[in-house]
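Okay, structure first, notes after.
Throughout, a chain's letter reflects where its sequence line sits, starting with A, and its residues are numbered from 1.
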Amino acid sequence: MTRLVLIDGSSYLYRAFHALPPLSNAQGEPTGALFGIVNMLRAHIKEQPEYIAFVVDASGPTFRDDLDPQYKANRPPMPDDLRAQIEPMMAIVQALGLPILRVPGVEADDVIGTLAVQGAAEGMTVTISTGDKDFAQLVRPGVTLVNTMSGSRLDGDPAVIEKFGVRADQIVDLLSLMGDTVDNIPGVEKCGPKTAAKWLNEYGTLDNVIANAGAIKGKIGDNLRAALPRLPLNRQLATIKTDVELDGGPATLALRERHVEDLRRLYARYGFNQALKELGGAGDEAAAGANDASLRNTAAGYARAAQPSDEAPDPSLSVKGDYETVQTRERLDAWIAMLDAADEFAFDTETDALDAMQANLVGLSFSTAPGNGCYIPVGHTYPGAPAQLDLHETLDALRPLLEGPKHRKLGQHGKYDLHVLRRHGIDVDGYADDTMLESFVWNSSATRHDMDSLAKRYLGYDTIKFEDVAGKGAKQIPFSEVAIDDATRYAAEDADITLRLHRVLSAKLAEIPTLERVYRTIEVPLVPVLARMEANGILIDAEELRRQSADLSRRMLAAQQKATELAGRTFNLDSPKQLQALLFDELKLPALVKTPTGQPSTNEEALEAIADQHELPRIILEYRGLAKLRSTYTDKLPDMINRDTGRVHTSYHQAGAATGRLSSNDPNLQNIPIRTDDGRRIRKAFIAPPGRKLVACDYSQIELRIMAHLSEDPALVRAFASGADIHRATAAEVFGKPLEEVSGNERRAAKAINFGLMYGMSAFGLAKQLDIGRGEAQDYIALYFSRYPGVRDFMERTREFAKANGYVETVFGRRLYLDNIHARNQGLRAGAERAAINAPMQGTAADIIKRAMIEIDGWIAGHAEKAKMLLQVHDELVFECDAGFVDTLIAEATRRMSAAAELRVPLVIDSGVGDNWDQAH
DNA sequence: CTGCCGACGTAC
DNA sequence: GACGTACGTCGGCAGT
């Protein structure tokens with residue numbers, strides 16, 4: 001078979017630049033992207049293809065620019081550090097003997113497409129080497145796609161379908177629907193790969209999707225219809241040409257002799273020592289293809305890496321690793337020696353369950369350098385599983401490394417591993433970096449910070465997925481039953497990739513000192529604090545909840561019977577759809593509120609609006625309230641009690657909310673009811689054990705205080721300084737009367753304005769909130785701004801900052817990027833502006849309480865028997881402590897909470913004590 | 001039976 | 001179109 005390799009130089013250059021750390025040579029010239037490219041090229045040459053070409057874009061416009069002036073219009077200019085690597089790259093490609101193709105007026109994509117089709121037609125085996133997914137459209141018999149950076153390979157329709165959900169011949173249609181933000185091609189709003197694939201699987205082709213656009217329901221259907229005129233153009237832009245006029249065909253692209261002296265000079269200049277070493281046997285073809293020994297887990301590899309004086313290990317971040325399964329005491333000791341010699345290493349644990357408070361350890365993995373890694377199985381139990389090291393012996397041997405602060409430990413979501421290890425007797429110290437948190441601080445707007453997503457985003461690397469080794473759904477097996485070879489590939493890769501990610505992300509954070517500081521002084525120290533709070537858990541009175549459930553059930557049944565009677569038939573009160581049919585079709589009640597999808601809503605507001613016309617809406621509201629409490633709280637919480645501890649252990653998600661807030665899940669203890677009497681009763685079931693008390697300390701009006709601080713509004717700052725009830729003071733200010741003459745209604749209005757402002761509320765929203773006219777609401781707001789002009793200026797400044805910079809920041813420098821701040825879509829843009837106004841306040845509050853938690857945790861460590869921190873609810877901390885320690889705890893905790901930030905207004909803490917959480921308020 | 005999404009409602 | 005940030009439950013539906 002004759003082989004033809006077509007290398008997409010432009011895509012690799014960009015991807016290598018962004019995936020690799022900003023390396024430089026001894027002269028300070030940037031070499032990161034170059035390094036990735038050279039490794040990729042050497043891998044291809046090693047295969048000795050007969051024909052090969054390195055294809056790059058020529059400068060100047062192409063036919064796509066003629067089709068759409070906006071094409072690639074929002075591409076940022078090439079970074080200088082990347083531009084500087086182009087000439088050296090071309091020189092090395094030349095010296096390696098690769099034909100370079102650069103065709104004016106034609107994009108590299110189209111050159112590659114044309115040559116691929118010609119090559120396949122001539123019977124060649126064609127490999128397209130690229131980092132660009134768009135090329136999947138060219139996969140066909142004889143044409144394979146590879147990405148050496150991620151190791152992925154598409155060699156036929158089954159592989160394409162697995163990756164994209166459609167056949168290769170449908171890829172263009174898929175891309176047309178999705179659009180491409182990088183190339184500035186607008187697709188169907190909200191239509192990603194999943195939706196596009198779904199449509200194509202249903203209708204086959206883009207033309208058929210267009211023909212049936214009327215049949216697609218919902219908002220996404222509207223989006224599709226709105227995009228229809230654009231789609232044919234998208235298809236033209238997305239289609240890679242296969243019929244470009246070229247001077248020569250594939251047969252003119254023979255791999256030439258390499259120029260050893262040039263290579264030697266170039267490799268030396270850019271510090272590619274490994275490649276240089278392989279040149280040693282000049283003319284020896286085998287040497288050129290030898291694997292990079294420093295990346296392999298040979299005994300020699302360990303010895304080299306174990307020498308601190310040795311040069312840094314090969315920093316390639318984009319190759320597949322080579323991993324060892326550690327099954328003997330000798331190999332364990334060898335790894336321990338290597339870990340001990342490293343300043344920092346990445347670790348990961350594998351367990352048999354997702355719940356860190358229940359999971360058993362199945363194995364551990366470690367990595368000390370990109371590409372290396374080991375997996376130490378200690379708990380695989382399937383029939384025929386090979387002998388493994390003893391769990392306790394292994395942990396004891398690793399204990400000095402893990403429990404000492406000497407080595408910097410890196411993890412991805414390490415809080416989980418800290419829990420697992422603690423429950424197996426290892427108290428980790430020196431947990432120094434967490435890639436999930438690095439990613440979160442770097443860009444909190446990104447929704448996913450899991451390792452698979454980060455590897456893809458920052459390394460262009462496709463990781464082995466959990467389901468690849470353990471299956472999914474009903475067929476999923478616990479990790480303890482995964483074959484050890486599979487487990488090693490998966491688990492050691494986790495540690496390896498964590499380490500590589502850290503190299504990339506820590507370099508990024510270092511570029512922005514405020515972010516680095518948020519990460520280093522807030523997020524990283526918070527990890528063990530949260531782990532301790534989660535481990536503490538809170539005691540639940542299950543009997544009390546059962547009684548409440550029974551009471552709720554009784555009242556639900558009564559409501560249900562009444563509802564059936566009123567409706568004249570049975571129906572499911574839990575079904576908005578059935579409710580909608582009953583209320584608006586059968587009973588002909590007016591549908592005054594619509595859901596976001598345009599359906600008549602049956603939500604609280606809608607039912608309240610028609611409650612004076614029929615008895616049923618009121619009954620449904622009654623039922624809803626009861627059902628919510630029972631299903632979400634009184635029935636569920638008793639099930640969440642941990643069998644071993646007898647307590648409920650929530651899990652705090654540290655990278656969950658873009659503003660920097662924590663979130664809580666399994667169960668969510670940050671939304672336990674408090675506003676209604678029925679709901680509030682649930683808090684009576686959160687209790688302290690005999691002889692102990694629950695203490696709750698909360699920041700009084702912290703976000704409004706932050707608004708006063710940020711806006712520097714004199715009247716608002718003065719109001720807080722005076723210690724007055726802030727809503728009353730606002731009412732007095734706005735309505736122009738003494739504090740004591742403010743009516744209840746005026747205070748309520750002022751409170752609504754205060755809160756509404758922080759959320760970017762409009763007059764429309766305020767009117768709805770207060771059930772007043774829109775004009776009246778507008779008057780209130782105008783009056784408010786005339787009294788607090790600093791607040792209006794602050795809001796305007798914040799919007800302007802967001803528009804100019806694309807992000808807003810907290811007092812401590814945490815950033816929130818606002819992707820939609822320049823959106824064409826008015827609704828999206830307005831939403832981003834509201835988020836911009838809210839985030840500095842919500843985010844600063846989050847920073848402050850996190851700082852307080854770290855300080856309090858440090859103090860409480862010396863009193864661990866007497867007091868424990870249990871819960872955080874955004875502006876509140878809940879503790880459990882000995883009855884005789886309450887006063888000390890309140891004094892010490894409130895002092896630290898107040899001192900967590902120096903603002904222009906005081907930070908006031910309210911506190912309460914009780915036998916349960918209700919009393920403690 | 002499983003997985004996903006919309007609707008709804010709880011918290012701060 | 002109109003109030004920011006979360007999470008959990010349920011019904012409904014598509015697919016296995």
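Qualifying side chain to side chain donor-acceptor pair (under 3.5 Å) partners for A:Arg448, counting only residues two or more places apart in sequence or in other chains: A:Asp450, A:Ser453.
Put simply, CG on A:Asn572 is 9 Å from C1' on C:dC10, counting in whole angstrom units. The nearest whole Å value for the distance from the CD1 atom in A:Ile706 to the P atom in C:dT5 is 16 Å. The distance from atom CG of A:Asp574 to atom C1' of C:dG8 is 14 Å, rounded to the nearest whole Å. Atom CG of A:Asp771 is separated from atom C1' of C:dA2 by 16 Å (rounded to the nearest Å). Between the C1' atom of C:dA14 and the NZ atom of A:Lys198 lies a distance of 9 Å, rounded to the nearest Å. Whole-Å rounding puts the A:Phe571 CZ to C:dC10 C1' distance at 15 Å. Distance, A:Arg834 CZ to C:dA2 C1': 7 Å, rounded to whole Å. The CD atom of A:Gln778 sits 17 Å away from the P atom of C:dA2 (whole-angstrom rounding).
With respect to A:Arg624, the side-chain hydrogen bond (donor to acceptor under 3.5 Å, both in side chains) criterion is satisfied by exactly one of A:Asn603, A:Thr602, A:Asp574: A:Thr602. With A:Gln670 as the fixed residue, the side-chain hydrogen bond (donor to acceptor under 3.5 Å, both in side chains) test singles out one of A:Glu876, A:Gln872, A:Arg661: A:Gln872.
Nucleic acid contact class of A:Lys768 (heavy atoms, under 4.0 Å, all strands): none. Residue contacts for A:Ala658: at a heavy-atom cut-off of 4.0 Å it reaches the sugar-phosphate backbone alone, with no base atom in range. Residue contacts shown for A:Gly827 are absent, as no nucleic acid heavy atom lies under 4.0 Å away. Nucleic acid contact class of A:Arg774 (heavy atoms, under 4.0 Å, all strands): base.
The side chain of A:Phe764 sits closest to C:dA2 out of C:dG8, C:dA2, C:dG12.
Ring geometry, A:Phe440 versus A:His449: the interplanar angle exceeds 60°, so the pair is classed perpendicular (tilted spans 30 to 60°). Taking the six-membered ring for Trp and thresholds of 30 and 60 degrees, A:Phe755 and A:His727 have ring planes inclined between 30 and 60 degrees apart.
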Nucleotide by nucleotide, nucleotides 2-12 of chain B touches protein heavy atoms under 4.0 Å in the pattern (B base, S sugar-phosphate only, - none) -S--SSSBBSB
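Atom CZ of A:Arg824 has 12 or fewer heavy atoms from other residues, nucleotides or ligands within 6.0 Å. Under a cut-off of 6.0 angstrom, the local environment of CG in A:Asp677 is sparse, with at most 12 non-hydrogen atoms contributed by other residues, nucleotides or ligands. In the displayed structure, A:Lys190 atom NZ is contacted under 6.0 Å by at most 12 heavy atoms of other residues, nucleotides or ligands.
Atom name C1', nucleotides C:dG1 and B:dG9: the rounded distance is 22 Å, in whole Å.
Of the side-chain N and O atoms in A:Ser663, one or more sit less than 4.0 angstrom from OP1 or OP2 of C:dC7.
Between A:Met357 and A:His419, the closest heavy-atom pair is SD-ND1, 3.8 Å.
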Output the pairing pattern of DNA chain C as a dot-bracket string, 5' first, Watson-Crick or G-U wobble with both distances under 3.5 Å, | for cross-strand pairs, [ ] for crossing pairs. ...||||||||||||.
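Centroid-to-centroid, the aromatic rings of A:Tyr784 and A:Tyr780 stay 6.0 Å apart or farther.
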